[in-house]
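These notes concern the structure reproduced below.
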Amino acid sequence: MLKYVLAIVCLHNLVSVYCLTVSCPNGYTRHASSCYRFHHVGLSWPESVTFCKATGSHLVRVETEAEHDFLKLKAKEMLGRYPLYSFWIAATDAVTDGEWAWADTLTSLTYKKWALGQPNNGLGEDCAGLYYQGGYDFGDWLCRTLLHPICEIDFTDGIELVG
Ligand SMILES: [Ca+2]
Ligand SMILES: [Ca+2]
């Protein structure tokens, strides 16, 4: 099923190029192979995981420096429009303290860039986000803290090339 498509996908062969025009769903911004939406609602981390799922996405997994740089740039561009300032990402160490993994897949983080002094695990801070005071590098919070979720749709999850 062609669920979400974005950018222009071209299939090359010797005689021709087939292109498929594709785009992110309304309200999402594309970068590389994903669509992102910074939500204005303030939610706890577990609520954010559920919220993104309910909207056909997942709480963002920041997997590369390029992806992180894009998200930091977007967050800085939108400064002042999000009253809670910081944003949840899908990383948690609730299973084993100090071992940060992505929600759902529970795979270890291969990329991470903590803000200065983070994670400080104060009073059992098991959930991570992009920390405004740390230039949107990673920070950890109590999971019940209200922050804004960033939801992500992976291009590679949703597309099937047809024709
Ligand atoms: Ca990602
Ligand atoms: Ca912290």
Side-chain angles (χ1 to χ4, degrees), residues 3-7 9 22-39 42-78 82-160:
K3 194 174 172 191
Y4 296 112
V5 286
L6 46 97
V9 175
V22 289
S23 62
C24 286
N26 269 349
Y28 286 78
T29 305
R30 186 182 70 84
H31 178 255
S33 58
S34 289
C35 301
Y36 303 91
R37 184 162 185 176
F38 289 62
H39 287 278
L43 297 173
S44 71
W45 187 88
E47 286 169 341
S48 295
V49 170
T50 304
F51 176 83
C52 288
K53 269 187 202 157
T55 59
S57 57
H58 60 79
L59 192 58
V60 64
R61 292 191 285 265
V62 186
E63 291 149 307
T64 63
E65 187 171 13
E67 184 174 20
H68 191 193
D69 285 346
F70 165 77
L71 295 169
K72 286 201 281 193
L73 194 68
K74 286 298 292 181
K76 285 171 187 171
E77 277 173 16
M78 298 183 300
Y82 289 81
L84 302 171
Y85 293 99
S86 297
F87 299 89
W88 285 126
I89 65 172
T92 177
D93 75 339
V95 176
T96 309
D97 206 35
E99 287 182 20
W100 291 87
W102 297 119
D104 304 328
T105 60
L106 290 180
T107 48
S108 299
L109 275 61
T110 48
Y111 169 83
K112 55 192 159 198
K113 189 174 177 200
W114 294 102
L116 193 66
Q118 299 288 326
N120 58 2
N121 199 37
L123 300 171
E125 300 184 336
D126 288 343
C127 291
L130 302 182
Y131 182 37
Y132 163 65
Q133 286 88 341
Y136 296 111
D137 285 338
F138 298 5
D140 64 341
W141 284 265
L142 294 175
C143 299
R144 65 171 180 269
T145 307
L146 301 184
L147 298 180
H148 302 293
I150 303 171
C151 299
E152 177 183 14
I153 298 164
D154 288 313
F155 180 44
T156 46
D157 284 351
I159 192 167
E160 260 176 44

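Order of listing sets the numbers, starting from 1, for every ligand and every atom in it.
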Please report, to 10°, the angle around the Ca ion (ligand 2) from atom OD1 (Asn120) across to atom OE1 (Gln118).
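Here the angle at the metal atom is close to 100°, to 10°.
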If the Ca ion (ligand 2) is the vertex, what is the angle to OD1 of Asp140 and OE1 of Glu125, rounded to 10 degrees?
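The angle at the Ca ion (ligand 2) comes to 90°, rounded to the nearest 10°.
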Aromatic plane relationship, [Y] with [X] - under 30° parallel, 30 to 60° tilted, over 60° perpendicular:
| X | Y | result |
| --- | --- | --- |
| Tyr131 | Trp141 | perpendicular |
| Tyr36 | His31 | tilted |
| His68 | Phe138 | tilted |

Could you pull out the N/O/S protein atoms under 3.0 Å of the Ca ion (ligand 1), ignoring any water?
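Arg61 O, Glu63 OE1, Glu67 OE1, Glu67 OE2, Glu152 OE1, Glu152 OE2, with waters left out.
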Trp45 side-chain N/O to Leu146 backbone N/O, donor-acceptor pair under 3.5 Å:
no
Polar side-chain atom of Ser57 near backbone of Ile153 as donor-acceptor pair, under 3.5 Å:
no
Give the intermediate values and the outcome of side chain to side chain contact (heavy atoms under 4.5 Å, CB included) for residues Arg61 and Thr107.
CA-CA 11 Å; Arg61 292 191 285 265; Thr107 48; 5.8 Å; no
For Leu59 and Cys52, work out which heavy atoms get closest and say how close.
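Shortest heavy-atom contact: N-CB, 3.4 Å.
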Distance check below 3.0 Å: does Asn121 bring an N, O or S atom to the Ca ion (ligand 2)?
no
